[in-house]
Amino acid sequence: MRRSLQTLAALLLLLGLLCGCAPPAETGAQPEPAAPAELPEQPAAAADTAAAGFGLAYEADAGFNPYRCMSLCNRTVLSLLYEPLFTVDASFDAAPYLVQNYTASGDGRTHTMTLREDARFSDGSPVTAADAAASIQAAMDSAYYGQRLRHISTVSAADTYTLIITTDAACGSLDALLNVYVVKAGTTGDDAPVGSGPYRLENGVLELWDWWRAITPPLHEPVVSLVAVSSPTNVRDAFEYGQITLAAADPNVGARIAYHADFELWNTSTTVMQYVGFNLNSTVFSQTQVRAAVTYAADRDGIAAATAGGFAAAAVLPASPYAAVYDQRLADSYAHNPAALSEALAAAGFTPAAEPEADGASEADGVMLVCSASEQRVAAAQAIVDSLAAAGLRLTLTALPYDDYLRALDRGEFDAYYGEVRLSPDFDLSVFFDAAGSLSYGSIADSSVARLCDLAMENAGNVYDLHAEIMNRGLLCPVLFKTYAVYTARGRITDLTPCLDGVFLTPMAG
């Protein structure tokens, strides 16, 4: 979504923004790691030495392998080098990209995809089903894609352009999970594999080639320079001094860094969810009634506005509010409601203190953990703690460095925690509720809820019962879904329609 600088100037100058190359959270893995500690700021280049043409930032150590790369900067570049089987747009709808036709068997376990016969790699060779199969195999073994593809049993080429995928369970959302970049077989392990995107990497720059598609790519510069960066401040400086023309950023990771150049700003959807999780073994949150009450404490709109600078969408349910699976009427029944919060906590024995303690403090009922690396997450968690305290449930907010935070979660040394995780494009929640789920902290794993997760996967879009069960039992308290920022030098790009994990991809059918 495009916004003018004039509209946002006051807000941006007040809050500041971070543009950095912090790794995206692993799909279905641990909560998102903190941004790396900033290196000493490098001297910025003088304006008269700024690179001509169009420039993008990249981290040299992260490479351009789509299965290994975890850098947001580099993944922005990937969308110029490679193309996926399907795209997932800002509303989380899947559409064919390299795939021409897609059918599934009656039991939902055999998936047949026909690739476009006109697709070509940048070396002139055709994009075949064997290339797609090799790419999916590489993705299955990767940290970035592996969790979402865990149900794939086999993947093979039936002929030159026909790809067959079998899954160990019915998977009605497989197309949304296959926004996986395809590279040429035999190059899947390279730092910069051969791709079919509009650019190819040559001698450290991106060169536009005679792209096989009969459309103009979103970026149409003959050459794109790559500028090495090592910290968020490097990216900001490179943008300010004209060395790079576009910068993709998570504005709410780590500390904030202000941008002052004349820019245009685009907001892109993500599947990164922030939420409150609970320890079911806690004396505070062992009761369903108390856990379920926390949803009424979260002023999600206020938290998104006050802590995230507008780069977040308030979410009552564990799916992006921009997604078709988000049921607004169900969400409304669990939205911020101070009266319902007070009533529920009073029924459970929590009442506001009539008078403050002599020293101005009250004895805490429990502990909420949060990762200290993100100012935004700490502020959001504090807002929820404050709302609960006003209704009689007093939690101590403890902010820990990332490694200590994870250790405390693993050991169950918490009553509640404020977390962040990148979900798969179909918003699969099994990582919380499967017995072996990587986010099943605090004994939250539950076979009946895990089964509802499976049913949601089998019948894509049928998540109402799952969401209702989670909210009724207070198993999670979603707060918001983050959005990312894309800054562009004013007037350099006339239109962007970023897809999920693809700033320069354009949704198209067929």
Side-chain angles (χ1 to χ4, degrees), residues 22-37 143 147 252-255 272-288 290-295 297-298 303 307 318 350 361-389 393-423 429-446 449 470 473-480 482:
E26 295 181 9
T27 302
Q30 304 289 355
E32 184 168 7
Q147 170 67 25
N252 291 302
V253 62
V272 179
M273 179 177 73
Q274 291 185 2
Y275 62 96
V276 177
F278 305 99
N279 186 345
L280 273 60
N281 300 316
S282 159
T283 56
V284 182
F285 291 110
S286 60
Q287 297 181 64
T288 298
V290 178
R291 295 193 307 271
V294 176
T295 187
I303 289 171
T307 74
F350 295 94
S362 298
E363 183 178 353
D365 297 298
V367 172
M368 178 183 285
L369 300 181
V370 65
C371 180
S372 61
S374 167
E375 293 178 355
Q376 181 270 326
R377 272 180 268 175
V378 173
Q382 186 64 62
I384 294 172
V385 167
D386 291 345
S387 295
L388 289 170
L393 175 54
R394 299 167 188 83
L395 299 176
T396 297
L397 183 64
T398 301
L400 298 175
Y402 180 67
D403 290 340
D404 294 338
Y405 169 73
L406 279 189
R407 276 192 291 270
L409 293 179
D410 284 332
R411 295 170 181 170
E413 297 170 349
F414 65 97
D415 296 287
Y417 71 97
Y418 193 88
E420 178 175 293
V421 65
R422 179 184 298 278
L423 297 173
L429 301 171
S430 59
V431 288
F432 292 100
F433 302 111
D434 280 348
S438 58
L439 297 180
S440 58
Y441 301 120
S443 300
I444 196 175
D446 185 291
V449 183
I470 289 170
R473 294 174 56 186
L475 297 176
L476 291 175
C477 176
V479 177
L480 57 83
K482 292 167 69 170

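In this structure, the side-chain contact (heavy atoms from CB on, under 4.5 Å) partners of A293, at least two apart in sequence or on a different chain, are L341, A344, L345. Residues passing the side-chain contact (heavy atoms from CB on, under 4.5 Å) test with T288, sequence neighbours excluded: R291, R473. Checked against side chain to side chain donor-acceptor pair (under 3.5 Å), D415 has the following partners two or more places apart in sequence or in another chain: S282. Residues that satisfy the side chain to side chain donor-acceptor pair (under 3.5 Å) test with S372, not counting sequence neighbours, are absent from this structure. For the side chain to side chain donor-acceptor pair (under 3.5 Å) test, no residue two or more places apart in sequence or in another chain qualifies with T398. Residues passing the side chain to side chain donor-acceptor pair (under 3.5 Å) test with T307, sequence neighbours excluded: Q376. Applying the side-chain contact (heavy atoms from CB on, under 4.5 Å) criterion to D403, with sequence neighbours excluded, gives R407. Annotation: side-chain contact (heavy atoms from CB on, under 4.5 Å) contacts of A383 (sequence neighbours excluded): I303. Here F285 pairs with F278 under the ring-ring contact (aromatic ring centres under 6.0 Å, His included) rule; sequence neighbours left out.
Among all heavy-atom pairs drawn from L400 and A408, the shortest one is CD1-CB, 4.1 Å. Closest heavy-atom contact between Y275 and P478: CB-CA, 3.9 Å. Taking all atoms of both residues into account, the shortest heavy-atom contact from L388 to A297 is CD2-CB, 3.6 Å. Nearest heavy atom pair, residue S440 against residue A435, reads OG-O, 4.1 Å. Nearest heavy-atom pair across F350 and V284 is CZ-CG1, 4.4 Å. The two atoms that bring D410 and Y441 nearest to each other are OD1-CE2, 3.2 Å, heavy atoms only.
With rounding to the nearest 0.5 Å, the separation of CG in L429 from CG in L476 is 7.0 Å. How far CD1 of I470 is from OG1 of T295: 12.0 Å, rounded to the nearest 0.5 Å. Annotation: the span from S286 atom OG to N281 atom CG amounts to 8.5 Å, rounded to 0.5 Å. Taking CG of L480 as the start and CD of Q274 as the end, the distance is 4.5 Å to the nearest 0.5 Å. To the nearest 0.5 Å, atoms CZ (R411) and CG (L406) are separated by 11.0 Å. Taken from NZ in K482 to CZ in R377, the straight-line distance is 6.0 Å, to the nearest 0.5 Å.
The shortest distance between side-chain heavy atoms of L475 and F432 does not fall below 4.5 Å. Residues L395 and V367 fail the side-chain proximity criterion, which asks for heavy atoms closer than 4.5 Å.
Between the N279 side chain and the G412 main chain, a donor and an acceptor come within less than 3.5 Å of each other.
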| Derivation of the side chain to side chain contact (heavy atoms under 4.5 Å, CB included) call for V479 and M273 | CA-CA 8 Å; V479 177; M273 179 177 73; over 6 Å; no

| message | With side chain to side chain contact (heavy atoms under 4.5 Å, CB included) as the criterion, how do V290 and L393 come out once you've worked through the C-alpha distance, each side chain's angles and the decisive distance to 0.1 Å? | response | CA-CA 9 Å; V290 178; L393 175 54; 4.2 Å; yes

| request: For the pair L439 and F433, evaluate side chain to side chain contact (heavy atoms under 4.5 Å, CB included) and give the outcome as yes or no after the intermediate values. | output: CA-CA 8 Å; L439 297 180; F433 302 111; over 6 Å; no

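Taking the six-membered ring for Trp and thresholds of 30 and 60 degrees, F414 and Y417 have ring planes more than 60 degrees apart, a perpendicular arrangement.
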